[in-house]
Amino acid sequence: MATSWRQRWLLMVLTGLRGWQLGITEARVSTDVLLPYAESHGPSHSHRHVRDCQAVTFGTRTFESWPSSSHDTLPVARSSVFISDMPGGAESSRWVYGHMTVVPDPLRQLSVLEPGGPGGCEENPRVSVEETAAPAGCLYAQNAGFFNITSDGCLGNVVSDGRMVRDSGGVQNAQFGIRRDGTLVFGYLSQEDVLDQSNPFEQLVSGVVWLLRNGEVYINQSLKAECDKIVDIELFREFVDVRSARTAVGHDVNGNVVMFHVDGQTHKRGMSLWEVADFLKNNGVINAINLDGGGSSSFVTNGTLASYPTDTCKPGSRWRCARHVSTVLCVHRRRCQPADCSGHGVCTASGCLCAAGWRGERCTEPCLPGYYGDGCRHTCTCFNGAFCNHDNGRCTCPPGFYGNFCEKVCPAGFYGLSCAEECACEDPCACDPQTGSCNSMSNRAVQCLGRRRQKEAYRHEPYLTEQTWLIITLTMASLLLIRLLAHFLRATRRWLLFGFSYTQVPLSDVKGEALTYSFLQLH
Ligand SMILES: *[C@@H]1O[C@H](CO)[C@@H](O)[C@H](O)[C@H]1NC(C)=O
Ligand SMILES: *[C@@H]1O[C@H](CO)[C@@H](O)[C@H](O)[C@H]1NC(C)=O
Ligand SMILES: *[C@@H]1O[C@H](CO)[C@@H](O)[C@H](O)[C@H]1NC(C)=O
């Protein structure tokens, strides 16, 4: 069944919202409040109980963590409309409609908002998602946690943009949170986990039922962990099994947060939590919890309600108008955008992107000494106390030094900045390369003197001694003699050869021929 949903979902996304709206004519009444427990919210048993009642394979960990995605470029969430075929009910309620919203960089783009803004959880205003989302500039928004239908107050833990709004006191319900370092957290938390200050929660909200754990449906285990009251268990099972409007939140393998919303009406249309879990699993979600559902399942795009209104929310029906909710999941630019990046960077949705050599939230600070370049990631190589340009890493040499890395001392006779000054000392070796003073007794001056003495010593000594002359003359004479001897021997050898091979033919022996023929025969 799951595969066919997916295929149809893809198809239906193409057809879009307009086509679907044409097919729906049913009007809804405003009485759809689906709650997991009769009047209260969740079990108050200990964290230890939750740990003890979970499968051994999960060890002592009662929640899962995942690093969230983050990037420097403009992050824009993607939201797709889906329409799913849910056979089994009446033909008119077969097709359900919802949104899947993938939020990259959730640390900077996702907020849990109190209804109507900060303080709303205590003041308990009945404020719709649209009303909460508009002033916060949410591109996408949907229902988050549950609320108390008697008092209208928020339920469970709530942390909104780093502010601890509500501490449930360890009530064990499925949680979704984002810690300060961007870690996504799904599952059951002890009160210590919630109040942890080393890596505190930036956002935290309570749902009911952990849908997916490590890519597997976790509903039955979740029922056991969350419901300790026998009287409630039947009601709780019905809450899970019944088709209704739903909202959920999860994450994919890349650490993007996935927001899920499906419209419906309890007992008539929508999805059971089993179906929601399967849907999310088939769309690559790894951990997910169920959030508020029932009628409190609105999806808002750019301040406008995009979900099918399950209730009419007439002004007089305040009490049962289920779209009136508590907390909201909002996709927006979390950080107040800096007006400028001090001229050393560009503004992006996630803050300033600093130019090479600059750092800080508004790019006001140069790299720390010894570092330069993009993100101040490069290490300077400048010697002799040279100044390193934080932008390009070039070295500016102090007086007395030169070279690309200021690794060389000025040549003798020169001193000062860029070795541009000429020494006015009687002895250039005694010239201080930094100040030009003529009494330098530095190591360098001593070496310079040593080198000069060596040179002078060479100059005063004759290049060749008498003995050397004698050796050279004798050698030349011997070479000359050897050569003469060789010549003599060669000449002698030729003479000998001629002596043996020369045959004289007497002229009288040659008959009838010309008079003078001689033959040379070489043997
Ligand atoms: C809901 O509010 C009522 C009235 O203030 C209160 O008595 C009840 O304990 C609250 N329920 C929860 C779960 O907080
Ligand atoms: C969940 O529990 C119910 C009742 O105990 C059982 O019928 C069902 O098969 C279980 N489902 C899963 C996926 O374990
Ligand atoms: C939201 O509204 C703004 C301004 O009205 C518009 O430019 C933008 O395209 C809208 N975004 C969506 C996703 O509708």
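For clarity, every value in this text was computed on a predicted model and none was experimentally measured. Just so you know, ligand 1 is whichever comes first in the structure, and atom 1 is the first atom listed for that ligand.
Take Arg213 and apply the side-chain hydrogen bond (donor to acceptor under 3.5 Å, both in side chains) test, not counting sequence neighbours, and it matches Gln54, Glu64, Tyr218.
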Subject >> Phe63/Tyr188 under ring-ring contact (aromatic ring centres under 6.0 Å, His included): CA gap, chis, key distance, verdict >> reply: CA-CA 5 Å; Phe63 59 88; Tyr188 302 112; 9.9 Å; no

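In this structure the side chain of Ile286 reaches within 4.5 angstrom of the side chain of Trp66, judged on heavy atoms.
For ligand 1, the atoms lying closer than 4.0 Å to a non-hydrogen atom of Leu155 are 12 (C), 13 (C), 14 (O).
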Close N/O pairs between ligand 2 and protein, under 3.5 Å:
from     : atom 1 : to     : atom 2 : distance (Å)
ligand 2 : 2 (O)  : Asn220 : OD1    : 3.1
ligand 2 : 2 (O)  : Asn220 : ND2    : 2.3
ligand 2 : 11 (N) : Asn220 : ND2    : 2.9
ligand 2 : 14 (O) : Asn220 : ND2    : 3.1

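Between Tyr372 and His390, the distance from one ring center to the other does not fall under 6.0 angstrom.
Under the 2.5 Å SG-SG cutoff, Cys382 and Cys388 do not qualify as a close cysteine pair.
Here the side chain of Glu226 pairs no donor or acceptor atom with the backbone of Leu223 at under 3.5 angstrom.
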